[in-house]
Amino acid sequence: MGGPHRRQDRNPQAAGGREEHGRQSRPAPPNWIVELGIGSSQPPIEVHAGDCHMAGKRRRAVSRDETRRLLATGLRAGTHCQPDNQLGILNIAAAAA
């Protein structure tokens, strides 16, 4: 088993090189994302920071301006990443009422 015909992917040094290459070639996460609902229209549900691990799997990247607009219209902000606080938007719901 351990002779000269050892599989290359079991070599820890070779595996480390592949992992590092994978990290370098992976695109950076978007700054802002909107979590989408279920169904054919997939309405937006919640806004998150791009690196938030609490966002669901159905999502799309949005610009900073669109994030601000969505929050201003009353879309929920993620409670974990708090994109409203990151953008300096505080108590929109209270101001609109």
Side-chain angles (χ1 to χ4, degrees):
M1 259 214 182
H5 301 290
R6 218 170 47 182
R7 288 181 44 178
Q8 185 69 20
D9 62 350
R10 293 190 184 199
N11 182 344
Q13 292 173 339
R18 282 194 305 270
E19 288 174 13
E20 187 62 34
H21 174 71
R23 282 189 208 112
Q24 290 174 354
S25 62
R26 185 176 307 146
N31 290 329
W32 310 103
I33 55 176
V34 63
E35 185 176 349
L36 303 171
I38 298 173
S40 60
S41 64
Q42 293 188 327
I45 297 174
E46 204 168 58
V47 178
H48 295 273
D51 60 351
C52 181
H53 66 274
M54 297 299 287
K57 292 185 181 196
R58 292 176 312 276
R59 59 175 90 174
R60 70 176 169 86
V62 290
S63 68
R64 179 182 182 94
D65 290 338
E66 186 173 1
T67 301
R68 293 177 68 86
R69 183 184 59 76
L70 289 168
L71 290 169
T73 59
L75 192 64
R76 267 190 335 215
T79 56
H80 180 73
C81 59
Q82 300 178 340
D84 49 348
N85 289 344
Q86 290 185 38
L87 291 168
I89 302 172
L90 304 174
N91 291 332
I92 288 181

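From a predicted model like this one, the values you see are computed outputs, not experimental measurements.
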If we only count heavy atoms from C-beta on, is the [X] to [Y] side-chain gap below 4.5 Å?
X: Arg76; Y: Ile45; result: yes
X: Thr67; Y: Asp65; result: no
X: Val34; Y: Glu46; result: no
X: Glu35; Y: Arg58; result: no
X: Pro83; Y: His48; result: no
X: Arg68; Y: Trp32; result: no
X: Leu87; Y: Arg64; result: yes

Could you tell me the separation between the [atom1] atom of [X] and the [atom2] atom of [Y], rounded to the nearest 0.5 Å?
X: Ile33; Y: Cys81; atom1: CD1; atom2: SG; answer: 7.5 Å
X: Asp84; Y: Leu70; atom1: CG; atom2: CG; answer: 12.5 Å
X: Asn31; Y: Gln86; atom1: CG; atom2: CD; answer: 9.5 Å

### Ser63 versus Glu66, closest heavy-atom pair with distance
OG-N, 3.1 Å

### Gln82 side chain vs Ala77 backbone, donor-acceptor pair below 3.5 Å
no

### Query
Can you check ring pair (Phe, Tyr, Trp, His ring centres under 6.0 Å) on His53 and His80, steps first, answer last?
CA-CA 9 Å; His53 66 274; His80 180 73; 4.7 Å; yes

